[in-house]
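Here is the structure we will look at.
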Amino acid sequence: MDKACNKEDITILAIESSCDETAAAVVRNGREVLSNIISSQIDLHTIYGGVVPEIASRKHIERINQVIGEALQTAGTELREMDAIAVTYGPGLVGALLVGVSAAKAISFASGIPLIGVHHIEGHISANYIENQELEPPFVCLVVSGGHSHLVRVSDYGEYEILGRTRDDAAGEAFDKVARAIGLGYPGGPKIDKVSKDGNPDAIQFPRAKVADAVYDFSFSGLKSAVLNYLNSCEMKGIEICQADVAASFQKAVVDVLVEHSMQAVRECGINKFAIAGGVASNTALRSALEEECAKAGIAFYHPSPVMCTDNAAMIGAAAYYEYCKGVRHGYDLNAVPNLRLGE
Ligand code: KG4
Ligand code: ZN
């Protein structure tokens with residue numbers, strides 16, 4: 001793969017703005033992060049209980065130039081040293097994506113440095129290359145974030161086969177909705193993770209949904225409804241709920257399903273390497289359950305550190321490097337594609 005690049009070092013400026021983080025990074029050879037600047041908007045959206053797309057777009061516009069400048073400066077590099085400008089072009093919020101795509105196109109056009117559009121999920125998967133220097137495909141990857149729940153077979157760099165996906169809510173979405181219902185607020189995932197440590201995961205038996213005709217697919221909306229029904233029935237009976245027990249029992253139900261499907265996929269693919277990615281991959285219960293199951297099964301388990309699990313631009317720079325080596329370049333007609341599918 002590396003031989004396809006005829007230069008010794010490939011340095012990429014990467015930009016990410018698909019949701020509520022304005023981010024830019026400088027990454028060398030797909031694995032070495034020279035800078036990774038993340039300007040989070042979480043505080044702004046918290047008062048609304050979730051991401052407000054119009055506010056996200058506006059904040060991206062206000063911050064993007066500064067974030068890009070900071071990424072170059074922190075890396076000790078200059079724009080002219082870049083071999084490519086990479087940007088997330090989907091999936092995500094269209095207005096948010098457009099800010100990053102427009103900035104990347106403008107920089108590329110003005111400087112003559114090639115442009116590479118990157119799939120956001122490919123970025124999440126590639127975060128594993130940064131912190132697991134020895135990891136190479138093939139491996140199976142569970143991508144679980146606020147917008148996605150996918151089980152992916154990574155056959156080679158940039159080559160993906162979707163084994164399973166959610167039929168309704170993404171895992172992170174379920175965390176966020178349940179957190180709101182039990183009064184924890186946004187963003188729900190980290191809060192449920194924390195509160196669950198004081199709760200009993202076996203206190204309430206929530207359902208573990210299976211999708212009849214697709215063993216690797218997920219469904220979390222039934223679980224979310226079961227939690228809401230439980231809360232309603234407690235309220236009607238005048239029973240005070242134990243927030244920590246509800247959080248821990250809900251989290252256990254999600255983790256059980258994610259672990260079971262992942263381990264089955266790894267076994268059936270005959271691959272002994274397994275990785276996780278996306279915001280929910282920073283969940284401590286999920287990480288320890290997968291660590292334990294992989295150890296039992298003799299499977300090597302890879303996971304990025306929490307900051308590399310949630311949205312960042314370094315992961316986009318890592319993914320872009322392998323696209324660059326394959327000769328992928330985009331034209332100035334590159335557009336934001338809110339529902340971009342992996343492999344397109
Ligand atoms: O990957 P990400 O930053 O953005 C998307 O691409 O969606 O993921 C954000 C999601 C949110 O739903 C958030 O609640 C969830 O990841 N999340 C967590 C944890 N940290 C973030 N979910 C469970 N446990 C966590 N520790
Ligand atoms: Zn993401």
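Both counts, for ligands and for their atoms, begin at 1 and track the order of listing. Since the structure is predicted, the reported quantities are computational estimates derived from the model, not experimental observations.
The pair Glu260-Lys210 counts as a salt bridge, with a side-chain nitrogen and a carboxylate oxygen less than 4.0 angstrom apart.
Nearest protein neighbour of atom 10 (C) of ligand 1, counting heavy atoms only, is Gly146 N, 3.4 Å. The protein atom (non-hydrogen) at minimum distance from atom 24 (N) of ligand 1 is Asn283 ND2, 3.0 Å. In this structure, the protein non-hydrogen atom closest to atom 22 (N) of ligand 1 is Gly189 CA, 3.2 Å.
Within the 4.0 Å heavy-atom cutoff, His124 counts among the residues contacting ligand 1. Under a 4.0 angstrom heavy-atom cut-off, Cys19 registers as lying outside contact with ligand 1. Look at Gln251 and you'll find every heavy atom at least 4.0 Å from all atoms of ligand 1.
In terms of polar-atom proximity, defined here as any N/O pair under 3.5 Å, His120 does make such a contact with ligand 1. At least one N/O-N/O distance between Gly279 and ligand 1 falls below 3.5 Å. For ligand 1, the polar-atom distance check finds no N/O of Gly278 at less than 3.5 Å from any of the ligand's N/O atoms. Between Gly147 and ligand 1, at least one N/O pair is under 3.5 Å apart. Residue Asp193 has at least one nitrogen or oxygen atom sitting less than 3.5 Å from a nitrogen or oxygen atom of ligand 1, judged on distance alone. Ligand 1 has no nitrogen or oxygen under 3.5 angstrom from a nitrogen or oxygen of Thr310.
Sparse packing is recorded around CD of Glu240, with 12 or fewer heavy atoms of other residues, nucleotides or ligands lying under 6.0 Å away. Annotation: Lys194, atom NZ; neighbour count of heavy atoms from other residues, nucleotides and ligands within 6.0 Å does not exceed 12.
Using a 4.0 Å cut-off between heavy atoms, Asp176 contacts ligand 1 through its side chain alone, with no backbone atom that close.
Using a 4.5 Å heavy-atom cutoff, the side chains of Tyr302 and Ile276 are not in contact. Under the 4.5 Å side-chain criterion, counting only non-hydrogen atoms from C-beta, Val266 is not in contact with Lys273. In this structure the side chain of Cys309 reaches within 4.5 angstrom of the side chain of Arg287, judged on heavy atoms. When side chains are defined from C-beta on, Lys197 counts as touching Thr284, because their heavy atoms get closer than 4.5 Å.
Proximity annotation for atom 20 (N) of ligand 1: of Ser40, Ser196, Pro306, Ser282, Ser282 comes nearest, heavy atoms only. Counting heavy atoms only, Asp311 comes closest to atom 3 (O) of ligand 1 of the residues Asp311, Val51, Val280, Asn312.
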Just distance, no hydrogens or angles: give the donor-acceptor pairs under 3.5 Å from side chains in residues 74-82, sequence neighbours left out.
{"from": "Thr74", "atom 1": "OG1", "to": "Glu70", "atom 2": "O", "distance (Å)": "2.7"}
{"from": "Thr77", "atom 1": "OG1", "to": "Leu72", "atom 2": "O", "distance (Å)": "3.2"}
{"from": "Glu78", "atom 1": "OE1", "to": "Arg80", "atom 2": "NE", "distance (Å)": "3.4"}
{"from": "Glu78", "atom 1": "OE1", "to": "Arg80", "atom 2": "NH2", "distance (Å)": "3.3"}
{"from": "Glu81", "atom 1": "OE2", "to": "Glu78", "atom 2": "N", "distance (Å)": "2.9"}

Considering only distance and modelled atom types, tabulate donor-acceptor pairs under 3.5 Å from the side chains of residues 90-110, sequence neighbours left out.
{"from": "Ser102", "atom 1": "OG", "to": "Leu98", "atom 2": "O", "distance (Å)": "2.6"}
{"from": "Lys105", "atom 1": "NZ", "to": "Tyr332", "atom 2": "O", "distance (Å)": "3.2"}
{"from": "Lys105", "atom 1": "NZ", "to": "Leu334", "atom 2": "O", "distance (Å)": "2.7"}
{"from": "Ser108", "atom 1": "OG", "to": "Ile113", "atom 2": "O", "distance (Å)": "2.6"}
{"from": "Ser108", "atom 1": "OG", "to": "Tyr332", "atom 2": "OH", "distance (Å)": "3.0"}

Do any side-chain atoms of residues 200-207 form donor-acceptor pairs under 3.5 angstrom with protein atoms, and if so which ones, sequence neighbours left out?
{"from": "Asn200", "atom 1": "OD1", "to": "Asp202", "atom 2": "N", "distance (Å)": "2.9"}
{"from": "Asp202", "atom 1": "OD1", "to": "Lys252", "atom 2": "NZ", "distance (Å)": "3.3"}

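Ring geometry, Phe250 versus Phe175: the interplanar angle exceeds 60°, so the pair is classed perpendicular (tilted spans 30 to 60°). Ring orientation note: the planes of His120 and His124 are nearly perpendicular, at an angle over 60° on the 30°/60° scale.
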- Please step through side-chain hydrogen bond (donor to acceptor under 3.5 Å, both in side chains) for the pair Tyr129 and Glu136, ending with a clear verdict. CA-CA 8 Å; Tyr129 298 136; Glu136 292 199 28; over 6 Å; no
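For the Zn ion (ligand 2), protein N/O/S neighbours under 2.8 Å (waters excluded) are His120 NE2, His124 NE2, Asp311 OD1.
Between His303 and Glu131, the side chains place no donor N or O within less than 3.5 Å of an acceptor N or O (distance only, hydrogens not considered).
Which parts of ligand 1 touch Gly172 is read off a 4.0 Å heavy-atom cut-off, strictly below it: atoms 12 (O).
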